[in-house]
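Worksheet: one structure, shown below.
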Amino acid sequence: MVYGWSPYQLVFGTNPNLPNVLNDKPPALEHNTVSQTFANHLNALHSGRRAFIQAESSERIRRALRHKIRASGECFQHGDKVYYKRDDDNKWKGPGTVLGQDGKVVFVRHGIREKIHQTAIYDSDDEEENNNRNVEQNIEEQEPVQNENDHQQNIQLPQMQNDDNEQVDQNIAPGAAFDNLEQPVRPKDNKTKDIPHVGENIVYKMKENDTWVKAKVVSKGGKSTGKNWAYLNLQDENEDAQVGIDFAKDVQEWRTEQDVDEVNAVVVPQSRHNENQVKHAKQLEMDNWKSFKVYDEIPYSGQKLMSTRWVITEKEMNGERKVKARLVVRGFEEENEVKSDSPTVHKESLRLFLAIASTSEFDIHSIDIKAAFLQGKEIDRIIFVKPPKELSSDKPVAWKLNKCVYGLIDASRNWFLSVKRELLQLECIQSKLDPAIFYWHKNNNLEGLFLMHVDDFLWAGSEHFKKQVICQLRDKFDCGKELDSSFRYIGLNIQHEGNDIFLQQHDYTDELKQVDRADIKNGIYPEIVGQLHWIATQSRPDLCFDVLDLSTSVQLSEAKTQSKLNKVIRKAKNNSYRIKYPNLESLKNIELILYTDASYANLSDRVSSAGGYVIFLRGQNGKNCPISWSSKKIRRVVKSTLAAEALSLVDGLDACYFVRSILQEMIKLNAGESIPIKCFTDNKSLCQNIHSTKLISEKRLCLDLASIKESVSLGDITVTWIKTSSQISDCLTKAGADFHPLIKVLSTGKGP
């Protein structure tokens, strides 16, 4: 039955007459009379059904239109210039200034504050978009007005929809989502004015006097977009009470403590080599050659000589100019083939060093070696060099080198072997996986760590380690300045505050500048990407995917290239933070935590996939020290999201095994013990396949999963599924993903 009617009635309009004892009418189909009432009923039934389908289809279309279009995932930063339009107007307006973004709603200032959906906005730097769209540009950018109601009474903000088809409340003021939007925006010329960061140790000079004062930045005194944006609270070195200072109005000059020792060097031209300062610097260099017994002077008898040259640099230190001279041999003239490899410390080893030093409550120190290569071991081959003209004599002479000097291809290696020999004699142990790290045990306890990066030493340890190892090294080599607590090491600013160690590169980030169209034409793109890559790999994991996207982007217009570069630069400058290495209480019962993620075919070629991971060392107290992170193109083209996630997990586990091996080597675990590795992924299919014996269709992927399954079955690792909202490595593989959860873990040391 259909709505109470039989199929026969719906087709013919009546039921057939069948012979029976109660009915003597003609048989079926012989009686052709059809009820007109029933016919009207059928027509009404079909008309109603047709009207219902039309109405339902129309509502679906309207609902889809209210959803706008799928969001591109583009993330707008504070200060971006954009064009926008409202629902009640087909014309694009702008350019306006982005104040902030809350999900898919972007807050724009263009005379007044506007709430604009992400799909109704695009970047003003995109010339192709400007040419393709009808842009109304007759409204110039204005400063905030005192009474915004006068402007808003004739303007109706469009109603926006979120993914759940819920209207965004238009009565909520933008300040409810961004408190600082109620404050006037500071002028453009002040936006780029540099002020110290919270937690930095600085020296500053007020405008009314020229006295330098040491202080530490305790907190901000105003909102970053308010009129007191440059107001900071300082703790002076010689005062107990805090003071508040406006760095835009009251401070004449300031610099960090690292900047006090920082040197900016430039090469002195040949025309200035006769100046007294240059002559004095050359004499000091020759004194070093003589004091370290670098050469023997012998009569020239036709030996093949290598030439030399002077490299003169002028450095600015503490406001004073200092000239430094280096006598360099032209090593490319040597015909002998010699080994030249010299190890430098891994990034992961340096971060493990910071985590162990913080947990063991070791003080960290950096040491600079004077004329390091001249203090190396004796050279194992015969080399003759021609003396510089400043030391020429009446009789022809040659210098026979006793040690490797600057310019020789194996000078760095020779210096490393010299330091290694001394450390091994002092009973230090060289790491088998990272030759540039040495550790020292006493009574089977880790008492000291020593890293070297060419002539820059970094050490941390107990008083026994200092007395037995470091003091002996100081006696062996002529050392320069030694710093502790707060210093710069190989471009990284390290600060030891209490039991915690902080790592940052604020000064390097502040030096980044916006690029213009002329810079792009001059080929500056690779240089800027290289600078951003250095920051991302050393101290800013939240920039990793942005740098990957820039590195793999091809065939972009100059306008789009400029726009993408400037967005990443603004993101780097506007979201600065310090990576914290907290005290884990004990090196026992620690574990490695791995978060991995991948995105299928999301890179610019629409074929390659992005994979990323972040590794933490977690202690019993639940605190985390970041050890390694990565965002890169997956090594081969994959066929599915499952394959991309699996390969990303494999790469993350490789890094975990390397970190664990170095760590177990240093802390000396008992026989049979191993540091557990816990892996977290938001791909449920991957997690199910790892814990299942069922084969998958991709045979090549089976090989990748086999090693993971074996480690899981042996209890060496665990793989757990988590929700996407808890996946802090999501921003390492996707554009526009929220990077604040990752920053929170990095800056606080507290787990997600």
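All heavy atoms count here, side chains included; hydrogens, waters and symmetry mates do not. As the structure is a computational prediction, the values presented were derived from the model and not from experiment.
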> Which is it for F502 and L354 under the side-chain contact (heavy atoms from CB on, under 4.5 Å) test, yes or no, and what are the steps along the way?
Replying inline: CA-CA 9 Å; F502 295 90; L354 297 178; over 6 Å; no

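- Side-chain atoms of E665 and S431 include a donor-acceptor pair closer than 3.5 Å.
- Counting heavy-atom neighbours within 6.0 Å of K564 NZ, excluding the residue itself, gives a total above 12.
- Counting heavy atoms from C-beta outward, E497 and K216 have side chains that approach closer than 4.5 Å.
- Side-chain contact check for D456 versus D368: some heavy-atom pair is nearer than 4.5 Å.
- Looking at heavy atoms from C-beta onward, L446 lies out of side-chain contact with K668 at the 4.5 angstrom threshold.
- Using a 4.5 Å heavy-atom threshold, the side chains of C679 and T596 count as separate.
- A pairwise comparison of heavy atoms in N589 and Q620 identifies ND2-NE2, 3.1 Å as the closest pair.
- Side-chain contact check for N414 versus L408: every heavy-atom pair is 4.5 Å or farther apart.
- Within the model, atoms OH of Y489 and CG of L483 stand 12.5 Å from one another, a figure rounded to the nearest 0.5 Å.
- In this structure, W415 CH2 and K403 NZ are separated by 10.0 Å, a value rounded to the nearest 0.5 Å.
- Between the Q531 side chain and the L512 main chain, no donor and acceptor come within less than 3.5 Å of each other.
- Here Y525 pairs with nothing under the ring pair (Phe, Tyr, Trp, His ring centres under 6.0 Å) rule; sequence neighbours left out.
- Listed by chain and residue number, Y439 satisfy the ring pair (Phe, Tyr, Trp, His ring centres under 6.0 Å) test with H441 (two or more places apart in sequence, or in another chain).
- Within the model, atoms CD1 of I367 and CZ of F487 stand 10.0 Å from one another, a figure rounded to the nearest 0.5 Å.
- T509 is not listed as a side-chain neighbour of S576, based on a closest heavy-atom distance of 4.5 Å or more.
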>> Apply side-chain contact (heavy atoms from CB on, under 4.5 Å) to residues F465 and F362 and explain how you reach the verdict.
In response: CA-CA 11 Å; F465 177 71; F362 292 154; over 6 Å; no

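- Heavy atoms from other residues, nucleotides or ligands lying under 6.0 Å from CD1 of I409 number 12 at most.
- Within 6.0 Å of CD on Q514 lie more than 12 heavy atoms contributed by other residues, nucleotides or ligands.
- Using cut-offs of 30° and 60° for the angle between ring planes, the F373 and Y406 rings count as parallel.
- Side chain of N621 to main chain of N583: a donor-acceptor pair is present (N/O by atom type, distance under 3.5 Å, no hydrogens or angles).
- Between H365 and W459, the ring-plane angle classifies as parallel under the 30° and 60° cut-offs.
- Taking 4.0 Å as the cut-off between side-chain N and carboxylate O, E447 and K442 do not count as a salt-bridged pair.
- Between F416 and F438, the two ring planes are tilted [angle within 30° to 60°].
- Remark: side-chain polar atoms of S358 are paired, donor with acceptor, to backbone N or O of P582 under 3.5 angstrom.
- Taking CD1 of I535 as the start and CD of Q504 as the end, the distance is 11.5 Å to the nearest 0.5 Å.
- In this structure, D654 CG and S630 OG are separated by 11.0 Å, a value rounded to the nearest 0.5 Å.
- In this structure, M666 and I437 have side chains that are in contact, with non-hydrogen atoms separated by less than 4.5 Å.
- Note that OG of S628 and NE2 of H346 are 11.0 Å apart. Values are rounded to the nearest 0.5 Å.
- Counted within 6.0 Å of NZ on K678, heavy atoms from surrounding residues, nucleotides or ligands total 12 or fewer; the atom is thus considered open.
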> For L653 and I677, what are the C-alpha separation, side-chain angles and deciding distance, and is it a side-chain contact (heavy atoms from CB on, under 4.5 Å)?
Replying inline: CA-CA 9 Å; L653 282 173; I677 298 176; 4.2 Å; yes

Report all side-chain donor-acceptor pairs from residues 540-548 shorter than 3.5 Å, counting only partners two or more places apart or in another chain.
from : atom 1 : to   : atom 2 : distance (Å)
R540 : NE     : D542 : OD1    : 3.0
R540 : NH1    : A572 : O      : 2.9
R540 : NH2    : D542 : OD2    : 3.0
R540 : NH2    : N575 : O      : 3.2
D542 : OD1    : Y577 : OH     : 2.7
D546 : OD2    : K571 : NZ     : 2.7

>> Run F457 and V419 through side-chain contact (heavy atoms from CB on, under 4.5 Å) and show every step you take.
In response: CA-CA 10 Å; F457 295 165; V419 179; 3.9 Å; yes

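- Counting heavy atoms from C-beta on, the side chains of D510 and H197 come closer than 4.5 Å.
- In this structure a side-chain-to-backbone donor-acceptor pair under 3.5 Å is present from N566 to V515.
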